[in-house]
Amino acid sequence: MDISVIIINYHSSSYTIKCINSLIEHTKDVNFEIIVVDNNSNLKDIKNLENYTSNHSIKLVKSKVNLGFGAGNMFGAQFATGDYLAFINNDAILTENSLNILFNFLQKNKEIGLVGPNQITEDNVFFKQSYSHYNSLHNIPFTEKNSTKYYKNLYGEEKLNKPFKVDLVSGAFMFFKTKAFDKIKGFDQNIFLFYEEIDISTRLSKKGYDTYFFPETTFIHYQGKSSENTDLKIEYLVSYLYIIQKNYSYLKFKQLKTLIQLRLLFKSISRPKYFKLLLLSLKSGNSLAYSKKVKL
């Protein structure tokens, strides 16, 4: 098998089915399998998936709990047989033969372990989080500036027409060499949601693999349709503090944490809901203690 595609479903089978249909329609000249992981959806949603997958030779594996992003993908990856792994959000739609394009690109570049294609919104607008720096202010919780221009100019406008090395690519569509993915033992399953891109690209780099943004193929991302309706801001903060503490020096961790605390302090003056997050950021120890995952 050339490529194993892993897709997580959570109460959103209609999006999952649309994603799979786009894969089947546009993927040519490459052998691929599709593995769908259901993260403990409701019975109606699971039934919808079962009826669909049974008619399309798609492997459906079901978890008894919501594993989140990293652990959910790792659950699916254990059934994969491909030389390459494509982790695709179920709210993504392919519009061209992206799997084959990325497959050919990685075959020609041995030093690259992960590549991410260009993503646009359903309104055909450039998706500013397609790639980024690890620690730019646009990638730190509650300090972001909503600037599409920043992301377009991050590496130079002229480079957006050809592949180039980046610090991270969006988790909505991550295409790995299985060899590189296995070498770093895949996603960190301690992280429930968010910032997995920073963690996995950092670990790939330490093992000698580059991460590349690939603007020569594009997919549509209906952002947020695959996420559950909960207090996601807490999970953003919890995950970010964890991956920074894990991958960086203590001094760097303290600097970034202080920056977040100051930002939350100013935000909480006008928006009291941020005060809860400020209190959480002031606590010491492992931030994962406050993750939704420990409450499952």
Side-chain angles (χ1 to χ4, degrees), residues 3-8 19 22-23 26-27 30 32 69-70 73 76-77 82-121 125-136 138-139 148 150-156 159-181 184 186-188 191 193-205 207 209-224 226 243:
I3 304 168
S4 297
V5 181
I6 294 94
I7 302 171
I8 294 178
C19 177
S22 73
L23 278 162
H26 294 287
T27 304
V30 66
F32 70 102
F69 180 87
N73 277 318
D83 294 326
Y84 296 81
L85 298 170
F87 297 95
I88 304 177
N89 276 22
N90 76 330
D91 55 357
I93 299 291
L94 273 68
T95 59
E96 54 188 323
N97 195 4
S98 297
L99 289 186
N100 189 42
I101 293 170
L102 297 174
F103 172 77
N104 290 329
F105 176 69
L106 283 190
Q107 278 196 315
K108 298 173 183 177
N109 295 276
K110 295 184 178 181
E111 75 283 1
I112 302 174
L114 166 62
V115 62
N118 187 40
Q119 57 181 327
I120 58 174
T121 69
V125 176
F126 176 80
F127 213 109
K128 63 181 182 295
Q129 287 93 359
S130 289
Y131 61 91
S132 188
H133 284 307
Y134 289 138
N135 296 322
S136 74
H138 293 74
N139 210 29
T148 299
Y150 167 81
Y151 284 91
K152 283 191 173 183
N153 293 332
L154 185 56
Y155 295 88
K159 289 188 176 180
L160 285 178
N161 295 320
K162 59 183 179 180
F164 55 95
K165 183 178 177 181
V166 295
D167 287 339
L168 63 94
V169 292
S170 169
F173 193 149
M174 307 179 83
F175 195 93
F176 290 88
K177 286 177 181 169
T178 301
K179 179 180 178 181
F181 187 80
I184 60 170
F187 293 106
D188 185 338
I191 304 171
L193 284 174
F194 306 122
Y195 292 104
E196 296 90 349
E197 304 98 325
I198 299 178
D199 178 70
I200 204 161
S201 291
T202 301
R203 290 187 286 117
L204 279 171
S205 179
K207 292 295 184 178
Y209 289 102
D210 293 334
T211 296
Y212 263 63
F213 173 61
F214 193 90
E216 296 176 6
T217 188
T218 299
F219 72 101
I220 298 171
H221 184 202
Y222 296 88
Q223 187 183 33
S226 60
I243 64 101

Could you check if a side-chain atom of [X] sits within less than 4.5 angstrom of a side-chain atom of [Y], using non-hydrogen atoms only?
| X | Y | value |
| --- | --- | --- |
| I200 | M174 | yes |
| N89 | F69 | yes |
| D210 | N109 | no |
| F173 | L102 | yes |
| I3 | L85 | no |
| I88 | C19 | yes |
| L99 | F175 | yes |
| T217 | F105 | no |

Checklist entry - Which value, rounded to the nearest 0.5 Å, describes the distance between N73 atom CG and I7 atom CD1? => result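 Spacing of CG (N73) from CD1 (I7) equals 10.0 Å.
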Checklist entry - When rounded to the nearest 0.5 angstrom, what distance separates CG in D83 from NZ in K179? => result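 One finds 11.0 Å between CG of D83 and NZ of K179.
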Checklist outcome for this item: side-chain contact (heavy atoms from CB on, under 4.5 Å) test vs E196 passes for just one of I191, D188, I243, namely I191
Shortest non-hydrogen contact from [X] toward [Y]:
| X | Y | result |
| --- | --- | --- |
| G82 | S4 | N-OG, 2.8 Å |
| H26 | L94 | CD2-O, 3.1 Å |
| V166 | Y212 | CG2-C, 4.1 Å |
| D167 | S201 | O-CB, 3.1 Å |
| A92 | S22 | O-OG, 4.5 Å |
| G186 | R203 | O-NH2, 2.7 Å |

Under the 3.5 angstrom rule, does the side chain of [X] hit a backbone N or O of [Y] as a donor-acceptor pair?
| X | Y | result |
| --- | --- | --- |
| E197 | G171 | yes |
| T211 | L168 | no |
| S205 | T202 | no |
| E96 | T218 | yes |

Next on the checklist: Show, in sequence, the C-alpha distance, side-chain angles and deciding distance for Y84 and F181, and conclude whether the side chain to side chain contact (heavy atoms under 4.5 Å, CB included) test is met.
Outcome noted: CA-CA 9 Å; Y84 296 81; F181 187 80; over 6 Å; no
Checklist entry - Going through the distances and angles, do F87 and F187 end up as a ring pair (Phe, Tyr, Trp, His ring centres under 6.0 Å)? => result CA-CA 11 Å; F87 297 95; F187 293 106; 5.1 Å; yes
Item to check | Those residues that, when tested against A180, pass side chain to side chain contact (heavy atoms under 4.5 Å, CB included) (two or more places apart) | outcome: K177, L204, Y209
Checklist entry - Which of parallel (below 30°), tilted (30 to 60°) and perpendicular (above 60°) describes F213 and F164? => result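 Ring orientation, 0 to 90° scale: perpendicular.
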